[in-house]
Amino acid sequence: MTAPTFAGPIEQHHYDTITERLGVNHLAAEADTASRREPSLDSEPAVAQPAESLRDLATEAAVLKLLAERVAAAQKDVKARTQRALDTAEKRDGTERVTASLPTGEQVATISLRKGETGPVVTDEEALARFVRQTWPDEEWTTTRIVREVKPWKLTELLAEMDAAGAARLVDKVTGEVLDVPGVVIKPTRARTYAITWRKGGKDATAEAWRSGALATQLAAITAGGEAA
């Protein structure tokens with residue numbers, strides 16, 4: 001495109017000034033656009049994080065559910081067998097604890113027998129309440145709604161007395177008479193069980209033995225094939 005010519009120097013001067021300013025402004029606009037578009041050399045480019053695969057998550061969920069079901073079943077079975085063995089060992093020679101060791105011989109945990117407890121258990125609340133009311137008619141130790149029942153605080157006190165005696169009997173503190181209490185029997189209140197106490201580093205060592213396959217025999221119930229397993 002050919003630049004226009006002017007008759008006088010003044011018109012030519014105005015044209016040159018305007019053209020120069022337009023050029024400067026255009027260069028500044030280009031520089032500003034480039035600075036906003038191009039990343040700084042000092043900044044690191046952002047790395048896109050891969051999205052989790054729904055198929056992988058579904059597989060992981062299914063695998064963990066299967067493992068949880070098999071572990072629960074295997075644990076129930078071994079708990080019953082271990083309890084029977086501990087009860088037998090205690091009766092035979094007084095054994096109340098045993099160590100758990102890996103195939104390498106490393107001891108990782110201790111299993112200790114927890115003995116059960118026996119005490120008075122209310123089997124017929126109404127019969128017990130009638131007995132208390134008839135035996136101590138002047139005491140407000142029972143309440144009547146649809147059926148008569150012993151007030152909780154007094155029931156706790158009476159059961160504690162029977163627990164100390166080891167029998168469903170109470171002593172009348174006025175007459176000294178020993179009374180058989182209906183509606184209460186002495187029976188186990190907590191089952192015998194056992195506790196597992198891990199030794200320092202025992203969990204990590206066991207996990208490594210699992211990973212390496214050293215516990216294949218112990219984990220056979222979990223890794224066996226078939227639905228029944």
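Note that the structure is predicted; figures quoted are calculated from it, not measured.
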From CG (Leu158) to CH2 (Trp153), nearest 0.5 Å = 8.5 Å
Considering all heavy atoms, the nearest Pro182-Ala127 contact | CG-O, 3.9 Å
In chain order, what residues pass the salt bridge (charged side-chain N to carboxylate O under 4.0 Å, His left out) check against Arg133, with sequence neighbours excluded?
-> none
Hey, quick one: are Trp141 and Leu155 part of the same hydrophobic cluster, counting side-chain heavy atoms closer than 4.5 Å, chains of contacts allowed?
-> yes
Cluster question for you: counting only ILVMFWY and a side-chain heavy-atom cut-off of under 4.5 Å, with indirect links fine, are Val171 and Val132 together?
-> no
Does one hydrophobic cluster hold both Leu219 and Leu67, with members joined at side-chain heavy-atom distances below 4.5 Å?
-> yes
State plainly whether one hydrophobic cluster holds both Leu66 and Leu57, where clusters connect Ile, Leu, Val, Met, Phe, Trp and Tyr through side-chain heavy atoms under 4.5 angstrom apart.
-> no
All N/O donor-acceptor pairs, side-chain side in residues 172-181, below 3.5 Å, sequence neighbours left out:
| from | atom 1 | to | atom 2 | distance (Å) |
| --- | --- | --- | --- | --- |
| Asp172 | OD1 | Val174 | N | 2.9 |
| Asp172 | OD1 | Thr175 | N | 3.4 |
| Lys173 | NZ | Glu161 | OE1 | 3.3 |
| Thr175 | OG1 | Glu177 | N | 3.2 |
| Asp180 | OD1 | Arg169 | NE | 3.0 |

Value for NZ (Lys91) from OG1 (Thr88), rounded to nearest 0.5 Å, stands at 7.0 Å
Mind checking what makes salt bridge (charged side-chain N to carboxylate O under 4.0 Å, His left out) contact with Glu157, not counting sequence neighbours?
-> Lys154
Got more than 12 heavy atoms from elsewhere within 6.0 Å of CD, Gln83?
-> yes
Mark yes when over 12 heavy atoms from residues, nucleotides or ligands other than Arg114 sit less than 6.0 Å from its CZ; otherwise mark no.
-> no
Could you tell me which residues satisfy salt bridge (charged side-chain N to carboxylate O under 4.0 Å, His left out) with Glu69, sequence neighbours excluded, listed by chain and number?
-> Lys65
Would you kindly confirm whether Leu215 and Ile222 end up in one hydrophobic cluster when ILVMFWY residues are joined by side chain heavy atoms under 4.5 Å apart?
-> yes
State, to 0.1 Å, how close Pro103 and Ala214 come at their nearest heavy-atom pair, and which atoms those are.
-> CG-O, 3.4 Å
Which residues share a side-chain contact (heavy atoms from CB on, under 4.5 Å) with Asp163, sequence neighbours left out = Pro120
Do the non-hydrogen side-chain atoms of Thr110 and Ile196 ever get within less than 4.5 Å of each other?
-> no
For residues Val108 and Arg199, determine if any side-chain heavy atom of one lies less than 4.5 Å from a side-chain heavy atom of the other.
-> no
Those residues at least two apart in sequence (or on a different chain) that pass side-chain contact (heavy atoms from CB on, under 4.5 Å) with Thr95 are Ala89, Asp93
OH on Tyr194 to CG on Leu113, rounded to 0.5 Å = 11.0 Å
What heavy-atom pair brings Thr142 and Lys151 nearest, and what distance separates the two atoms?
-> O-CE, 3.7 Å
Among pairs that include at least one residue of residues 201-212, which meet side-chain hydrogen bond (donor to acceptor under 3.5 Å, both in side chains), considering only residues two or more places apart or in two chains?
-> Glu208-Arg211
Show which side-chain atoms of residues 72-81 pair as donor or acceptor with protein atoms under 3.5 Å away, not counting sequence neighbours.
| from | atom 1 | to | atom 2 | distance (Å) |
| --- | --- | --- | --- | --- |
| Asp77 | OD2 | Arg81 | NE | 2.9 |
| Asp77 | OD2 | Arg81 | NH2 | 3.1 |

With sequence neighbours excluded, what pairs up with Ser101 under the side-chain contact (heavy atoms from CB on, under 4.5 Å) test?
-> Thr99, Gln107
Salt bridge (Lys or Arg N to Asp or Glu O under 4.0 Å) contacts touching residues 95-110 (sequence neighbours left out) = Glu96-Lys115
State, with a plain yes or no, whether a side-chain heavy atom of Thr143 is found less than 4.5 Å away from one of Glu149.
-> yes
Residue list, salt bridge (charged side-chain N to carboxylate O under 4.0 Å, His left out) with Asp87, at least two apart or on another chain = Arg192
For residues Leu170 and Phe131, determine if any side-chain heavy atom of one lies less than 4.5 Å from a side-chain heavy atom of the other.
-> yes
Closest heavy-atom contact between Val184 and Leu128?
-> CG2-CD2, 3.9 Å
